[in-house]
Number of protein chains: 2
Amino acid sequence: MPNTTASASHRFTVDFPHRELLDQVLDKWSLLVLNELCERPLRFGELRQIIESVTPKSLTATLRRLERNGIIERVVLGTRPVAVQYRITPLGKTFRAPVEGILQWAAEQMPLIEQARERFDEDAEEAERQL
Amino acid sequence: MPNTTASASHRFTVDFPHRELLDQVLDKWSLLVLNELCERPLRFGELRQIIESVTPKSLTATLRRLERNGIIERVVLGTRPVAVQYRITPLGKTFRAPVEGILQWAAEQMPLIEQARERFDEDAEEAERQL
DNA sequence: CAGAATCCGTTACGATACTG
DNA sequence: CAGTATCGTAACGGATTCTG
């Protein structure tokens with residue numbers, strides 16, 4: 001359990017308070033879900049279709065977490081074959097820019113990253129050969 | 001928006017090419033490490049002190065991952081009691097703005113998030129009482 | 001339709017001890 | 001100092017089945 005009552009010795013001890021927030025909001029699926037919900041409200045099933053590889057379990061977990069943190073909102077629509085809509089909240093909207101920043105960065109730098117990986121892997125292989 | 005009309009079944013669904021990159025770079029410790037290395041180069045031990053709760057094992061893993069993706073660089077300095085320095089690369093610097101965007105957002109919105117959580121938890125509790 | 005419940009393998013992570 | 005090696009546990013995530 002990461003510290004709570006820390007505030008230990010040296011001055012620059014920055015065990016960030018928002019670490020735990022980021023864990024909740026930058027997890028495996030949140031960015032993708034958020035990215036979609038920023039465009040338009042969506043239903044559970046729609047999200048499943050858009051983000052193919054997510055299982056209902058994980059999707060539920062992600063949505064609940066985002067809801068709990070006030071980033072998205074769960075709205076029950078009809079009452080027949082129950083319909084539920086998820087939509088971004090005002091607070092959630094403030095998160096849009098940062099998220100897009102990250103996603104854009106990833107898209108743009110992808111090629112360079114690939115290159116770096118290849119270099120690294122080659123070097124590692126070679127080093128192994130030395131043994 | 002990356003889409004998906006293609007494969008139907010449950011195999012290697014690549015619904016997002018940078019998903020995997022983000023997993024490597026937005027993991028539990030990377031943001032903190034990055035945030036520090038953006039300020040100045042640091043050594044292994046220094047990072048351990050700054051980020052109190054990280055174990056050597058996890059720190060090594062984080063550093064290796066970032067290095068492999070070309071975000072940081074590992075520099076062996078002396079040769080006596082070996083000294084190693086980690087520093088951000090040019091590619092890594094392009095990541096700085098987005099990362100800070102996220103961190104800033106987290107810091108700013110923290111209070112509202114807390115509020116949202118309390119509301120959510122209270123509601124959940126109450127709903128439970130109904131049973 | 002929207003999810004809850006189960007089972008279960010993989011991985012992540014912490015704690016600790018050890019080495020060049 | 002800068003890690004590696006090992007071990008054990010807890011959490012995550014996937015697949016599947018069930019239900020109001």
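Remember, it's a predicted structure, so these values are computed and weren't measured experimentally. Quick note on labels: first sequence line is chain A, next is B, and so on, each numbered from 1.
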**Message:** So A/Leu59 and A/Trp29, do their side chains get closer than 4.5 Å, heavy atoms only?
**Reply:** no

**Request:** Check the distance between C/dG3's C1' and A/Leu63's CG and give it to me in whole angstrom.
**Result:** 11 Å

**Request:** Take A/Asp27 and A/Pro81, find for each the nucleotide of DNA chain D with the closest heavy atom, and name the residue whose nucleotide sits nearer the 5' end.
**Result:** A/Asp27

**Prompt:** With the threshold set at 4.0 Å, does a side-chain nitrogen-carboxylate oxygen contact exist between B/Arg65 and B/Asp27?
**Reply:** yes

**Message:** What is the distance, to the nearest angstrom, from the CZ atom on A/Arg48 to the C1' atom on D/dA15?
**Reply:** 11 Å

**Message:** If the threshold is 4.0 Å, N to carboxylate O, is there a salt bridge linking B/Asp123 and B/Arg119?
**Reply:** no

**Prompt:** Within the structure shown, what part of the strands sits under 4.0 Å from A/Arg64 by heavy-atom distance: base, sugar-phosphate, or nothing?
**Reply:** sugar-phosphate

**Phosphate-side-chain proximity, B/Ser53 and C/dG14, N/O vs OP1/OP2 below 4.0 Å** = no

**Asked** Is it true that B/Glu67 and A/Arg117 make a salt bridge, defined as a side-chain N closer than 4.0 Å to a carboxylate O?
**Response** no

Dump the pairs, protein N or O against N or O of nucleotides 5-10 of chain C, anything under 3.5 Å, distances to one decimal.
unit_1	atom_1	unit_2	atom_2	d
C/dC7	N4	A/Lys57	NZ	3.4

**Asked** To the nearest angstrom, how far is A/Glu52 atom CD from D/dG13 atom C1'?
**Response** 17 Å

**Message:** If you assign A/Gln85 and B/Arg65 each to the DNA chain C nucleotide with the nearest heavy atom, which residue ends up on the more 5' nucleotide?
**Reply:** A/Gln85

**Rounded distance in Å - CD1 (B/Ile51) to C1' (D/dA2)** = 16 Å

**Message:** From the set D/dT4, C/dA2, D/dA15, return the single nucleotide nearest to any side-chain atom of B/Thr60.
**Reply:** D/dT4

**Message:** Rounded to whole Å, how long is the line connecting atom CH2 of B/Trp29 with atom C1' of C/dA12?
**Reply:** 12 Å

**Asked** To the nearest Å, how far apart are A/Glu46 CD and C/dA2 P?
**Response** 8 Å

**Request:** Using five pairs at either end of the helix from C/dC1-D/dG20 to C/dG20-D/dC1, determine the angle between the two local helix axes and round it to 10 degrees.
**Result:** 50°

**Message:** Show the nearest heavy-atom pair for residues A/Phe44 and A/Pro56, with the distance to one decimal.
**Reply:** CZ-O, 3.8 Å

**Message:** Between B/Arg43 and D/dA2, is there a contact of a side-chain N or O with OP1 or OP2 at under 4.0 Å?
**Reply:** yes

**Item:** A/Arg48 with A/Glu52: basic N within carboxylate O range, under 4.0 Å
**Value:** no

**Prompt:** Checking side-chain contact (heavy atoms from CB on, under 4.5 Å) for the pair B/Leu42/B/Val33: CA distance, chi angles, key distance, verdict?
**Reply:** CA-CA 10 Å; B/Leu42 287 169; B/Val33 168; over 6 Å; no

**Message:** If you apply the rule side-chain contact (heavy atoms from CB on, under 4.5 Å), what do you find for A/Val84 with A/Arg74, and how did you get there?
**Reply:** CA-CA 7 Å; A/Val84 177; A/Arg74 181 178 183 272; 3.7 Å; yes

**Request:** Provide, to the nearest angstrom, the distance between the CD atom belonging to A/Gln49 and the P atom belonging to C/dG3.
**Result:** 15 Å

**Item:** Residues within residues 69-77 of chain B bordering DNA chain C, heavy-atom distance below 4.0 Å
**Value:** none

**Asked** What's the NZ-P distance between A/Lys28 and C/dA12, to the nearest Å?
**Response** 10 Å

**Asked** Phosphate oxygens OP1/OP2 of C/dG3: is one of them under 4.0 Å from a side-chain N or O of A/Tyr86?
**Response** yes

